[in-house]
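Notes follow once the structure below has been shown.
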Amino acid sequence: MDVVKTFLESCIQEISLNGRLGSSLKADLWNKVKLVLEISHGFSVTQKQMKNHYDYLKEKYQAWLPITKKTGNIYDPATNTILMSNSEWDEYIKAHPKAKALKTSPLSFPDLCTKLFEGSTATGIHGWSPSYTYPIGPHIEECMEKLEALEWEEPLYSATVSILCEGESYRKAWMKITEVNKLESWIKATGKKMGIF
């Protein structure tokens, strides 16, 4: 798992510094990621293997994301577990075949996958262009520290976690709002807009 984490962090770093090519890394950046994996883990890999793993993780992320937004608290972000019965999984997989891998194996490092893939899968006014360079913003850990300090109960706590996992713009807003009553109002309004409440 450490190799996967290093892979994701290296991809995020290269995209932050150098931007994307389409929905992936630029060709020369794969060599930098490869070098990090070799130095950090003694792990030798080809560009094709890295691209295949990148695509696999992206596909898994795209299947994971809608599940995390479903009502009924079926996704537990604290344990990275999807709480569905076998029959619910079978029904979901029929409609979303790419979700099959999630039934037996959770998405590795969902926060890192969100940071890496959210810009390459978004559309509309919040979508980013293929050559977009990620700004560095508040990390999920900082946001979670703030949330823990508030000692919020359910469902406000889980709704907040779901919103923070949506992306950097939500985490930036979360960190900028300092008054507790305004934070709570913002979470409720945002959650209602997303269908969480």
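Side-chain atoms of S158 never come within 3.5 Å of backbone atoms of E154 as a donor-acceptor pair (strictly under, hydrogens ignored). Without hydrogens or angle criteria, E14 side chain to C11 main chain gives no donor-acceptor distance under 3.5 Å. Although no hydrogens or angles enter the test, the distance criterion places a donor-acceptor pair under 3.5 Å between the side chain of K26 and the main chain of N18. Not a single donor-acceptor pair under 3.5 Å links the side chain of H41 to the backbone N or O of L37. Side chain of K60 to main chain of S105: a donor-acceptor pair is present (N/O by atom type, distance under 3.5 Å, no hydrogens or angles). A donor-acceptor pair under 3.5 Å is formed between the side chain of T81 and the backbone N or O of T79.
A 4.5 Å side-chain heavy-atom check between Q47 and K34 finds every atom pair outside the cut-off. Contact annotation: the side chain of K32 never approaches that of L25 to less than 4.5 Å [non-hydrogen atoms, C-beta and beyond].
Annotation: E153, atom CD; neighbour count of heavy atoms from other residues, nucleotides and ligands within 6.0 Å does not exceed 12. Under a cut-off of 6.0 angstrom, the local environment of CD in E88 is crowded, with over 12 non-hydrogen atoms contributed by other residues, nucleotides or ligands. Counted within 6.0 Å of NZ on K98, heavy atoms from surrounding residues, nucleotides or ligands total 12 or fewer; the atom is thus considered open.
Using modelled atom types, one finds no donor on one side chain facing an acceptor on the other under 3.5 Å when comparing T114 with E118.
Evaluation of the ring pair (Phe, Tyr, Trp, His ring centres under 6.0 Å) rule for W152 yields W174 as partners, not counting sequence neighbours. When the side chain to side chain contact (heavy atoms under 4.5 Å, CB included) test is applied to D55, the partners found at least two apart in sequence or on another chain are K51. Y157 is linked by a ring pair (Phe, Tyr, Trp, His ring centres under 6.0 Å) to nothing, counting only residues two or more places apart in sequence or in another chain.
The CG atom of L147 sits 8.0 Å away from the CG atom of L156 when rounded to the nearest 0.5 Å. The distance from the CZ atom of F7 to the CZ atom of F109 is 12.5 Å, given to the nearest 0.5 Å. Note that the CG atom of D76 and the CD1 atom of I82 stand 10.5 Å from one another [nearest 0.5 Å]. Here OG of S85 is found 9.0 Å from CD of E91. Values are rounded to the nearest 0.5 Å. To the nearest 0.5 angstrom, K176 atom NZ is 14.5 Å from R171 atom CZ. Residue L183 holds its CG atom at 7.5 Å from OG1 of T178, rounded to the nearest 0.5 Å.
Note: Y170 and W186 have tilted aromatic rings, judged against thresholds of 30 and 60 degrees for the angle between ring planes. Ring-plane geometry between H96 and Y92 is classed as parallel, the angle between the planes falling under 30 degrees on a 0 to 90 degree scale with a further cut at 60.
A salt bridge between K188 and E184 is present, with a side-chain N of the basic residue lying under 4.0 Å from a carboxylate O of the acidic one.
Looking at every heavy atom in both residues, S24 comes nearest to W30 through OG-CZ2, 3.3 Å. The two residues S10 and V36 come nearest to each other via the heavy atoms OG-CG1, 3.2 Å. Across all non-hydrogen atoms, the minimal contact from I93 to A99 is CG1-C, 4.3 Å.
Side-chain rings of Y56 and Y61 stay apart, their centers remaining 6.0 Å or farther from each other.
Connection of L35 to V3 is not established within any shared hydrophobic cluster, with ILVMFWY side chains joined at heavy-atom distances below 4.5 Å, either directly or through further cluster members.
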